[in-house]
Enquirer: 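One structure coming up, written as structure tokens, with questions to follow.
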Amino acid sequence: MLNLVLFGPPGSGKGTQSEKIIEKYGLVHLSTGDILRGELANKTELGLKAKEIMDKGELVSDEIVIGMIRNKIKANKDANGFIFDGFPRTVAQAEALDNLLDEYNEEITLMISLEVEREELVKRLLKRGEETGRADDNLETIENRISVYEKQTSPVKEYYKSQGKAHLVDGIGSIDEIFDKVADQIEMVK
Ligand code: B4P
């Protein structure tokens, strides 16, 4: 299995690059942000609980997101591999993911970190907010999401660095240029 973590701050292009990776490598896409938004669209209890947290730009509890990922892995045991998009976002989530994969004698193959500076992130997310009306793409929430990333999520990069699995990719440039660099990294471990 090829198990890939796509990592980076909000607006770094994780969702965008995931689509292209899936197209080329046929992996199962697990985006915790998409799953949570799906729950919200279906007005489930979980979705309504998550909405308040997401609207503030805070992280949904580890217990909830780990449970969501556990169910998805279980439901896709025969996959060629997974792309984890927006997960793990805390070191506790990263450890739980290693333990979950271990139950299937699997592990993370590669972590790709999309490197984009704050000013560009804010610009991209404000643009998406204007175009799609996504509730958490407003200036106040964006600023908080980036701060939450710096405080709670960036240690996850060190976690994968210590395992020798983290590869940094410049996330500035055209979507295709960035994808070429991402694909180069994947080809090296495939
Ligand atoms: P996510 O849905 O993961 O949202 P995101 O971080 O904003 O990234 P996304 O993938 O959508 O955007 P992308 O960078 O592709 O999370 C939303 C919320 O859900 C979190 O704040 C949190 O509350 C909750 N949540 C999710 N996972 C969680 C977890 N594991 N634990 C706890 N809580 C969790 O793209 C952004 C924009 O940039 C797009 O408009 C795109 O078109 C544009 N773009 C992309 N690449 C570009 C490029 N090269 N040049 C110019 N623009 C580009």
Side-chain angles (χ1 to χ4, degrees), residues 4-22 29-41 46-73 82-97 100 111-157 159 169-183:
L4 182 68
V5 170
L6 199 54
F7 184 83
S12 56
K14 301 183 296 287
T16 308
Q17 293 298 325
S18 288
E19 282 177 30
K20 297 183 74 73
I21 296 169
I22 292 152
H29 185 207
L30 296 185
S31 158
T32 37
D34 285 352
I35 300 170
L36 290 166
R37 281 185 289 277
E39 295 280 343
L40 179 57
L46 165 61
L48 296 172
K49 208 157 93 184
K51 179 177 166 36
E52 273 180 47
I53 301 167
M54 292 168 80
D55 282 353
K56 283 191 266 177
E58 301 290 333
L59 295 182
V60 174
S61 81
D62 287 341
E63 196 189 344
I64 290 178
V65 288
I66 292 164
M68 290 177 348
I69 291 287
R70 178 182 289 117
N71 291 340
K72 293 282 177 185
I73 293 178
F82 294 96
I83 171 158
F84 298 96
D85 162 9
F87 177 92
R89 260 177 158 92
T90 62
V91 171
Q93 292 180 17
E95 288 168 348
L97 179 58
L100 270 174
M111 180 268 217
I112 291 178
S113 174
L114 296 170
E115 304 289 310
V116 179
E117 76 273 6
R118 192 180 188 110
E119 202 186 332
E120 172 71 12
L121 299 172
V122 174
K123 203 171 87 186
R124 288 183 187 178
L125 293 171
L126 282 177
K127 184 162 174 268
R128 183 172 66 184
E130 276 169 27
E131 287 169 359
T132 67
R134 194 170 129 172
D136 56 349
D137 285 341
N138 64 76
L139 190 57
E140 195 185 338
T141 307
I142 292 168
E143 295 284 359
N144 193 41
R145 284 158 66 195
I146 297 174
S147 300
V148 166
Y149 169 81
E150 285 164 356
K151 285 193 206 109
Q152 293 176 252
T153 304
S154 63
V156 173
K157 199 194 287 189
Y159 179 86
V169 167
D170 182 3
I172 302 281
S174 77
I175 289 167
D176 286 338
E177 278 165 3
I178 297 163
F179 178 65
D180 286 344
K181 288 184 268 181
V182 168

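Counting starts at 1 for both ligands and their atoms, in listed order. Just so it is clear, the structure is predicted and the values come from calculations on it, not from any experiment.
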Enquirer: Between the side chain of T141 and the main-chain N/O of G57, is any donor-acceptor distance below 3.5 Å?
Expert: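 Flag not set: sc T141 to bb G57 has no pair under 3.5 Å.
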Enquirer: Kindly write out the residues that satisfy salt bridge (charged side-chain N to carboxylate O under 4.0 Å, His left out) with E63, not counting sequence neighbours, or none if the list is empty.
Expert: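 With neighbours one apart ignored, the set is empty.
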Enquirer: Pick one: which of R37, R145, K49, R134 meets side chain to side chain contact (heavy atoms under 4.5 Å, CB included) with M54?
Expert: R37
Enquirer: Out of all atoms in ligand 1, which are within 4.0 Å of some heavy atom of M54? Include the element for each.
Expert: 18 (C), 19 (O), 23 (O), 24 (C)
Enquirer: Could you check whether any side-chain heavy atom of R118 comes within less than 4.5 Å of a side-chain heavy atom of S147, counting everything from C-beta outward?
Expert: yes
Enquirer: Relative to ligand 1, is E58 under 4.0 angstrom through side chain, backbone, both or neither, heavy atoms considered?
Expert: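 Just the backbone.
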Enquirer: Using non-hydrogen atoms of the residue, decide whether E177 is closer than 4.0 angstrom to ligand 1.
Expert: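 Contact absent.
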Enquirer: Check I178 against ligand 1 and report side chain, backbone, both or neither, counting heavy atoms closer than 4.0 Å.
Expert: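 Under 4.0 Å from ligand 1, I178 contributes side-chain atoms alone.
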Enquirer: At less than 4.0 angstrom from any non-hydrogen atom of D136, what atoms of ligand 1 do you find?
Expert: 17 (C)
Enquirer: Would you kindly specify which portion of L36 sits under 4.0 Å from ligand 1, judged on non-hydrogen atoms: side chain, backbone, both or neither?
Expert: side chain
Enquirer: Is E120 reaching over with its side chain to a backbone N or O of E117, donor-acceptor style, under 3.5 angstrom?
Expert: no
Enquirer: Can you figure out which of K123, R124, E19 has its heavy atom closest to atom 38 (O) of ligand 1?
Expert: R124
Enquirer: Looking only at heavy atoms of V65, does any of them come nearer than 4.0 Å to an atom of ligand 1?
Expert: yes
Enquirer: Any idea which of Q17, K14, R134, R128 brings a heavy atom closest to atom 12 (O) of ligand 1?
Expert: R128
Enquirer: Does G173 have a non-hydrogen atom less than 4.0 Å from ligand 1?
Expert: yes
Enquirer: Is it the side chain (CB and beyond), the backbone, both or neither of V148 that lies under 4.0 Å from ligand 1, heavy atoms counted?
Expert: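 V148 to ligand 1: no contact under 4.0 Å from either part.
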Enquirer: Counting only heavy atoms, which portion of E52 has something under 4.0 Å from ligand 1: side chain, backbone, both, or neither?
Expert: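 Within the 4.0 Å criterion, E52 makes no contact with ligand 1.
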Enquirer: To which of T16, I69, V60 does the heavy atom nearest atom 42 (O) of ligand 1 belong?
Expert: T16
Enquirer: Please indicate whether any nitrogen or oxygen in T32 is less than 3.5 Å from any nitrogen or oxygen in ligand 1.
Expert: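 Checking ligand 1 against T32, an N or O pair does fall under 3.5 Å apart.
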Enquirer: Classify the contact between L59 and ligand 1 as side chain, backbone, both or neither, using a heavy-atom distance cut-off of under 4.0 Å.
Expert: both
Enquirer: Could you pull out, from Q152, R89, E130, the option with a heavy atom nearest to atom 28 (C) of ligand 1?
Expert: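 Nearest option to atom 28 (C) of ligand 1, by heavy atoms: R89.
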